[in-house]
Amino acid sequence: MVYWMGRDQRTADNWALLHAQELAVKKKVPLIVVFCLVPKFLGATLRQYSFMLAGLIETEEHLRKKHIAFFLLPGFPENVLPAFLVRHKCSVLIADFDPLKIRRRWKEAVDSRIAIPFYEVDAHNIVPCWVASGKQEYAAYTFRPKVRRLLPQYLTEFPSLKRHPFLFQGKHYATDWESIKTGLAADNSVSEIDWLLPGEKAAGKTLRDFIRRKLNFYSLRRNDPSSDFQSDLSPYLHFGHISAQRVALEIRKTKANKIDRDAFLEELIIRRELSDNYCFYNDNYDNCDGFPEWAKKTLESHRYDRREYLYSLDRFENSETHDKLWNAAQTELVIRGKMHGYMRMYWAKKILEWTESPEKAMEIAIYLNDRYELDGRDPNGYTGISWSIGGLHDRAWGERTIFGKIRYMSYNGCRGKFDIDSYVAYVRTLKHASGL
DNA sequence: ATCGGCTCGCGCAA
DNA sequence: TGCGCGAAGCCGAT
């Protein structure tokens, strides 16, 4: 029995792994976990690779204790996985679910090259993506009731992973992580981060810290970039170091104010799973063709509006705009690998305002997001950027230049909502600490 | 400080 | 067919 691990890189609370173990026990066969390490993945840099590999080292260790063999296979899945399955006489393949196009293509390619049953388990969402809705949802308000209705059935406790009763007897060596790391072809010009530790254990600690220190202030202060009241869980959720279902269960158990729990659960469940819904049902999640019709129309009619500021990718990347708030957000992204959630919206909308076209804006925003964010290449990233630039899951607002009816965000608006100078000063301390 | 208008379309009720 | 309302706002009037 083989679990092909993709985006759910953990041993606890993983429905794909649990299902694989259940089937393996029933068939009285050993259980293997395989991870295909591709040399290049949508512009990922050493920053993301090293966070991921550290998590996988911990995964291998946990699996070993559970008598489950772990194989790290360097190469593209369609090239390495079919031969692996034949070599070890595997009878069933189980993968976790991922709506991204590249991952779906890999699965199709593998499927066409193997003769054994191949199942997919959504281990990432609480309500499996295709169960929650059979179509692309228009907005959160259409998605919310569908998920709410199904939560009692899906937001349940997990069984624990058992020590596997059937040992893998084939040839198996512990992974040589050092040579894997030195052999990485990833772009090493983006530095690793050290303020957030990778892996399942660190994810759990981050969750407990959030509940203890921040949850009770969440609804009021989560949108204040000058203070530290975000959960910081998104990198862990992205790599699957922690399960969203586990987070939801733990949040529900706390005695925090209902208003704060609800605000957090809305983001964790509804908004996050809506992102998967969008990417799963719309192949244009990473470009302007995915925008709703009203937004395409309004952006088109403002395509040739005069832009007061026009910046190249370089100027954006180096935080060289005229706007100190935008520059601070970009600097936070580059240094820390995680931009404050509220600033992500302002940041992307300004890229639309200061580039020659929505297409170019999408390209730049996605490039910078995927290059520097620890949680880049995630459905949440594509969906958030499409919300900001293309009105996705949003409604039309007062018409204005460049944006048309896309919701606008302004420097003055931010000034009324939080202390801009304090945020800029905080980013300056990051910059000094990092030696830039 | 607070309020209303801006503006689109989904989904449900009638 | 009508109606309520939505993922994070802006702006001008009061």
Side-chain angles (χ1 to χ4, degrees), chain A residues 132-149 217-227 229-231 234 237 244 259-279 281-282 285 290-302 305 308 323 325-326 329 338-353 365 369 378-420 423:
Chain A
S133 173
K135 61 168 189 159
Q136 181 188 328
E137 290 297 326
Y138 186 75
Y141 76 91
T142 61
F143 189 55
R144 193 176 293 113
K146 299 185 181 181
V147 171
R148 286 247 174 93
R149 200 169 48 237
F217 307 90
Y218 190 74
S219 67
L220 208 60
R221 306 200 52 188
R222 82 196 129 124
N223 283 339
D224 177 0
S226 70
S227 61
F229 285 92
Q230 297 210 122
S231 72
S234 68
L237 289 165
I259 191 167
D260 295 309
R261 277 185 306 172
D262 287 351
F264 182 77
L265 290 174
E266 165 76 11
E267 295 194 15
L268 177 79
I269 304 174
I270 304 298
R271 297 184 194 178
R272 201 183 44 78
E273 304 202 352
L274 180 58
S275 297
D276 261 33
N277 169 276
Y278 178 56
C279 295
Y281 290 111
N282 195 325
Y285 58 76
F291 298 171
E293 284 310 313
W294 67 265
K296 281 184 196 165
K297 213 168 91 192
T298 195
L299 284 172
E300 196 55 45
S301 66
H302 290 272
D305 288 0
E308 195 173 345
D323 177 349
L325 176 58
W326 194 95
K338 189 171 175 296
M339 190 192 300
H340 191 280
Y342 189 81
M343 291 312 300
R344 292 190 191 200
M345 299 183 283
Y346 180 83
W347 174 86
K349 283 182 180 294
K350 292 301 161 187
I351 296 177
L352 170 64
E353 192 172 351
N369 183 74
D378 191 281
N380 290 298
Y382 299 116
T383 304
I385 289 170
S386 299
W387 178 87
S388 303
I389 295 175
L392 177 74
H393 300 152
D394 204 4
R395 60 162 150 160
W397 297 86
E399 191 157 11
R400 60 155 57 226
T401 177
I402 304 171
F403 285 79
K405 292 166 183 172
I406 305 287
R407 183 196 302 256
Y408 184 66
M409 287 176 80
S410 69
Y411 185 93
N412 279 340
C414 290
R415 198 167 54 188
K417 291 187 183 70
F418 63 91
D419 184 347
I420 290 177
Y423 175 65

Can you check whether [X] has a side-chain N or O nearer than 4.0 Å to OP1 or OP2 of [N]?
X: Tyr342(A); N: dG9(C); value: yes
X: Arg271(A); N: dA8(C); value: no
X: Thr142(A); N: dC10(B); value: no
X: Lys405(A); N: dC8(B); value: yes

May I ask you to check whether Tyr285(A) and Tyr278(A) place their ring centres under 6.0 Å from each other?
-> no

Pair Asn277(A)-Glu137(A), side-chain donor/acceptor within less than 3.5 Å | no

May I ask you to check whether Asp224(A) and Ser226(A) show a side-chain donor-acceptor distance below 3.5 Å?
-> yes

Take Leu352(A) and Lys349(A) through the test side-chain contact (heavy atoms from CB on, under 4.5 Å) and record every step on the way to the result.
-> CA-CA 5 Å; Leu352(A) 170 64; Lys349(A) 283 182 180 294; 5.6 Å; no

From [atom1] of [X] over to [atom2] of [N], roughly how many Å is that when rounded to an integer?
X: Met409(A); N: dA8(C); atom1: CE; atom2: P; value: 10 Å
X: Glu293(A); N: dG9(B); atom1: CD; atom2: C1'; value: 12 Å
X: Ile270(A); N: dA8(C); atom1: CD1; atom2: C1'; value: 16 Å
X: Met345(A); N: dA7(C); atom1: CE; atom2: C1'; value: 8 Å
X: Arg149(A); N: dG11(B); atom1: CZ; atom2: P; value: 12 Å
X: Tyr218(A); N: dA8(C); atom1: OH; atom2: C1'; value: 11 Å
X: Phe229(A); N: dA8(C); atom1: CZ; atom2: P; value: 23 Å
X: Arg415(A); N: dC10(C); atom1: CZ; atom2: P; value: 12 Å

Look at all strands and tell whether [X] reaches a base, only sugar-phosphate, or nothing, counting heavy atoms closer than 4.0 Å.
X: Arg272(A); result: nothing
X: Lys297(A); result: nothing
X: Arg400(A); result: sugar-phosphate
X: Lys417(A); result: sugar-phosphate

Going by heavy atoms in the side chains, are Arg344(A) and Trp387(A) under 4.5 Å from each other?
->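 Heavy-atom side-chain distance check fails, nothing below 4.5 Å.
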
Roughly how many Å apart are [M] and [N], using the [atom1] atom of each and rounding to a whole number?
N: dG9(B); M: dC10(C); atom1: P; result: 23 Å
N: dA8(C); M: dG11(B); atom1: C1'; result: 23 Å
N: dA7(C); M: dC12(B); atom1: P; result: 15 Å

Is the NZ or CZ atom of Arg400(A) positioned over Tyr408(A)'s six-membered ring, under 6.0 angstrom from the centre and within 45° of the axis?
-> yes

Side chain of [X] only, please: which of [options] is the nearest?
X: Ser410(A); options: dA7(C), dC10(B), dC10(C); value: dC10(C)
X: Tyr141(A); options: dC11(C), dG11(B), dG9(B); value: dG9(B)
X: Glu137(A); options: dG11(B), dC10(B), dG9(C); value: dG11(B)

So what's dG9(B) paired with, Watson-Crick or G-U wobble, going by both distances under 3.5 Å?
-> dC5(C)

Do any of residues 392-399 of chain A sit with a heavy atom less than 4.0 Å from DNA chain B, and if so which?
->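 Of all residues in residues 392-399 of chain A, the ones placing a heavy atom under 4.0 Å from DNA chain B are Arg395(A), Ala396(A), Trp397(A), Gly398(A).
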
In this structure, which one of Glu267(A), Gln230(A), His340(A) forms a side-chain hydrogen bond (donor to acceptor under 3.5 Å, both in side chains) with Arg222(A)?
-> Glu267(A)

Salt-bridge contact Glu353(A)-Lys350(A) (side-chain N to carboxylate O under 4.0 Å) | yes

